[in-house]
Amino acid sequence: MSQVTVRLPDGSSRKLPAGTLVSDVAEEISPRLAQAALAGVVDGKLVDLSYPLERDASVRIVTDKSPEALRLHRHSAAHLMAAAVTSLFPGTQCGIGPATDEGFFYDFVVERPFKPEDLEAIEQKMKELASQDLVYERQMWPRDEAKAFFAERGEPLKVQLIDEKTEGETEVSCYTIKDKETFIDFCVGPHVPTTGKLKAFKVLTASSAYWKGDARNQPMQRVYGTAFLSDKDLKAHLTQIEEAKKRDHRKLGRELGLFTFHQWAPGAAFWMDKGTALYNTLANYMREVLFPAGYVEVKTPLIYNKALWERSGHWSFYRPNMFLVESEGEIMSLKPMNCPGHFLLYASDVRSYRELPIRFHEQTPLHRNEASGVLSGLTRVRQFSQDDAHCFVTQDQIGEEVERLIRLVQRVYGDFGLPYTAKLSTRPDEFLGEVATWDHAEAQLKAALDRSGMAYDLNEKDGAFYGPKIDFDVTDAIGRKWQCATIQLDYMQPENFDLKYIGADNTEHRPVVIHRAIIGSFERFIAILIEHYAGAFPLWLAPVQAVVLPIADRHLPYAGAVRDQLEGAGLRADLDRRQEKIGYKIREAQLHKVPFMLVVGDREAETRTVSVRERSGGDKGASSIDAFIASARDEIARKGKRSDGASELPAAS
RNA sequence: GCUGGCGUAGCUCAGUCCGGUAGAGCAGCUGAUUUGUAAUCAGCAGGUCACGGGUUCGAAUCCCUUCGCCAGCUCCA
């Protein structure tokens, strides 16, 4: 019998008979490893434990500790779910069932949509199948036989998949759970060896999806579930889902009196006074950041003739998302973006190289006619404003400008206590302009990222067709990622709009445009902040920073004077003048997450002080009004950070 | 936009399956209470049951339309 040499991760190697299974290798190393083994990695490829080793190879055994384990579990759980569904609902057709970042799903064609009771039944059935510790078996079927088999079983979608995925092959791989009567699926695998390995899974929701995600195809029922390596991890995940629900900005926005919606203005928020205070604080903060960075604030029209959109190219590719209006027979559109307006503004005067970079910052509202089904709270709206700006630079200024931008991004996210990551997207296969120009631009972006000392991912070929870009993702307090900042180079629009500057050589040159936003849309960023802080904004952002709480009516004059003094000092202050006990007023203020409660009664009125109660931290004792104002202003100026730069905010979890 | 679910007082929800005069808590208002660090007591008021149509002696409830909200519609066998 011939032998194969198996190399192990520790550098050792063993000679074993050809055809030895991965599971045998695990057994050979140690019985305990064999017990824990879920799959193998042979020459870098993830395979089943039942994979036979026919030639020399490096082998690694996958266990719960391996990075592949989670996806393996989830994909196997998807099969287990499909087995449960086909058992409970005979005649169900199966589509695809992949693992995802959060869990897994499986698409089915069923007679009627699933109800919550069905999902419970499915989960029960899965548990039952798991407890039976059934084997996942890989079988190689002749292609035609497999197609005939699935066709006969009334699974045309599987036949279609086999056709598409295995063209030119003679055999296709299928996986059974127990046997082909119980469950069989066309699948590359691999899987965990038996259903008993799956110990922590949950069926979550059902909704509809289309075959291959295309609305022209047949609608299917998608059942989502999640699986983890331990009950502890699963529980943590479910708790996280609950936590996310508690922080939902739509719920907190109403409870905190920030904003509301009306069915007659779908996708457009009504900002109440407190929400407006927050909005304005953000908008002014961005102005404070951008003015010293060389930006000028501009306001350009909200409505433009269709001619502009034809020039910019929006008319041909963005029209479905534009709100059109008619005036005296002319078709106009509300602007979905600021760029074309900024180009017209740039072109309204002769520009010299001495002026560049020119940086136009604008916060006026934009309108995008998003499909009704994608609207969601403040995160997906039809009307919003951005901390939008366009920088007009020379080719050689790109690197420095981008580096300045990265520093701005770092500063802003630092002020909000949001961790972030960056990714650089380079030239796609279909692109506009010269390869040399792209290479030059990409090199400058890379150099700028390197100089900034930031770690970043490379997204090859993911740039826009008009230029490369850098995107930033922030991670909120409960670990969710949001794309906010973007820095995009644009070579196309300066051509379209024939933008020029006069160079040092006294001839005309083409500037490069950098589209950039740091927080993106104020609406969406506020949603992120609400959920990040769980509604408990740091002092500098809080819509109401302090509320004065008089003990009894006779303290109202003094309380009013305190409130006036706070407002005079630039603080956002309220006065609770209701005839209620102090505990009631405090409870109310706590629920509204006001950072400071200032209790005033006889003692305070006499000594011209306030009793400070902190939202987090309770009673801080008496303080003179001036001392309170001074410390509050200091905290606002520091934006909640200690003087060493670290954040005082508790890690909300 | 498409598929499914949902829409009852400002908010959270009961009542809908099985048609028969619309309910609770919180918030609001009035009165009493004048209060010291997370809910004082009593009373009152508040609803074309999203909108429009249909079935019926009778519709919040059953059927259809429209609007809005929620979830999903990228993950590859």
Side-chain angles (χ1 to χ4, degrees), chain A residues 71 74-75 78-79 82 94-107 110 112-116 146 150 155 157-167 169 172-175 185-189 204-224 245 248 250-251 254-255 257 260-267 320-321 369-377 549-556 578-593 597-604 611-615 617-622:
Chain A
R71 265 194 116 69
R74 288 174 173 173
H75 182 55
H79 270 231
C94 297
I96 58 169
T100 67
D101 293 342
E102 299 270 286
F104 60 88
F105 65 78
Y106 211 114
D107 288 343
V110 278
R112 59 165 177 82
F114 292 117
K115 299 182 213 161
F150 282 110
E155 300 252 23
L157 298 177
K158 288 291 165 190
V159 177
Q160 191 188 334
L161 284 174
I162 294 173
D163 270 332
E164 289 169 8
K165 304 286 181 185
T166 65
E167 207 180 329
E169 294 171 33
V172 300
S173 76
C174 294
Y175 279 80
D185 201 352
F186 164 61
C187 174
V188 277
L204 294 174
T205 52
S207 68
S208 84
Y210 296 94
W211 175 237
K212 303 195 161 186
D214 189 331
R216 288 166 302 191
N217 288 338
Q218 118 186 69
M220 304 181 74
Q221 282 294 305
R222 174 167 294 182
V223 183
Y224 282 89
K245 251 186 216 162
D248 192 317
R250 294 167 294 200
K251 177 171 167 277
R254 185 175 48 243
E255 287 173 3
T260 187
F261 286 90
H262 191 275
Q263 58 167 336
W264 287 350
N321 285 318
N369 197 0
E370 304 285 356
S372 56
V374 305
L375 300 178
S376 178
L549 307 179
I551 298 282
D553 283 358
R554 65 177 178 279
H555 308 120
L556 269 170
R578 293 174 302 179
Q579 292 178 21
E580 296 289 351
K581 301 211 300 203
I582 196 67
Y584 182 91
K585 297 180 187 176
I586 285 172
R587 176 184 155 79
E588 193 99 322
Q590 277 299 146
L591 291 175
H592 283 98
K593 304 184 198 266
M597 286 149 265
L598 306 179
V599 177
V600 296
D602 291 332
R603 292 201 296 269
E604 290 78 9
S611 278
V612 179
R613 184 192 163 94
E614 220 177 343
R615 175 180 61 196
D619 195 347
K620 292 288 173 191

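All values below were derived from every heavy atom in this structure, side-chain atoms included, with hydrogens, water molecules and symmetry-related copies excluded. Sequence lines set the chain letters: A, B, ... in the order given, protein chains first and strands last, and positions in each chain run from 1. Every value quoted in this text rests on a predicted model; they were computed, and no experiment measured them.
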For B:rG7, the Watson-Crick or wobble partner whose two distances fall under 3.5 Å: B:rC67
Cation-pi geometry met for A:Arg222 and A:Phe105 (6.0 Å, 45°): yes
Assigned partner base of B:rA22, Watson-Crick or wobble definition, under 3.5 Å: none
Side chains of A:Tyr106 and A:Asp185 in contact at under 4.5 Å (non-hydrogen atoms): yes
Sugar-phosphate only, base, or nothing, as touched by A:Val172 at under 4.0 Å among non-hydrogen atoms: nothing
Residues forming a side-chain hydrogen bond (donor to acceptor under 3.5 Å, both in side chains) with A:Glu164, sequence neighbours excluded: A:Gln160, A:Lys212
Protein proximity profile, nucleotides 64-71 of chain B - base contact B, sugar-phosphate-only contact S, no contact -, cut-off 4.0 Å on heavy atoms: ---BSSSS
Distance, rounded to the nearest Å, where A:Arg613 contributes CZ and B:rA38 contributes P: 5 Å
Nucleotide B:rU3, atom P - distance to CZ of A:Arg222 in whole Å: 16 Å
Spacing of A:Glu580 atom CD relative to B:rA32 atom P, expressed in whole Å: 14 Å
Nearest-angstrom distance, P atom, B:rC70 to B:rC13: 14 Å
Distance between P atoms of B:rC63 and B:rC17 (Å, rounded): 9 Å
Spacing between A:Gln590 atom CD and B:rA38 atom P, to the nearest angstrom: 8 Å
N/O donor-acceptor pair, side chain A:Glu604 with base B:rG36, under 3.5 angstrom: yes
Inter-nucleotide P distance (B:rA50, B:rA60), Å rounded: 10 Å
Nearest-angstrom distance from the residue atom CE of A:Met220 to C1' of B:rC76: 13 Å
A:Lys620, A:Arg603, A:Glu604 screened by side-chain hydrogen bond (donor to acceptor under 3.5 Å, both in side chains) with A:Ser611, the one that passes: A:Glu604
Length of the CG-C1' vector between A:Leu204 and B:rG72, whole Å: 13 Å
A:Glu102 CD: over 12 foreign heavy atoms closer than 6.0 Å: no
Closest heavy-atom pair and its distance - A:Trp211, A:Gly95: CZ3-CA, 3.7 Å
Just the atom pairs and distances: protein N or O near nucleotides 24-29 of chain B's N or O, under 3.5 Å.
{"unit_1": "B:rA27", "atom_1": "OP1", "unit_2": "A:Tyr584", "atom_2": "OH", "d": "3.4"}

Counterpart base for B:rC41, defined by Watson-Crick or G-U wobble contacts under 3.5 Å: B:rG31
Complement of B:rG46, any strand, by Watson-Crick or G-U distances under 3.5 angstrom: none
Min side-chain heavy-atom separation A:Lys585-A:Met597 under 4.5 Å: no
Protein-nucleotide distance (A:Leu549, atom CG; B:rU35, atom P), rounded to Å: 16 Å
Earlier contact from the 5' end, RNA chain B, for A:Lys158 and A:Ile551: A:Ile551
Any strand: nucleotide that pairs with B:rU56 via Watson-Crick or wobble, under 3.5 Å: none
Length of the line joining A:Arg603:CZ and B:rU37:P, which is rounded to integer Å: 9 Å
Sugar-phosphate, base or nothing in reach of A:Ile582, heavy atoms under 4.0 Å: sugar-phosphate
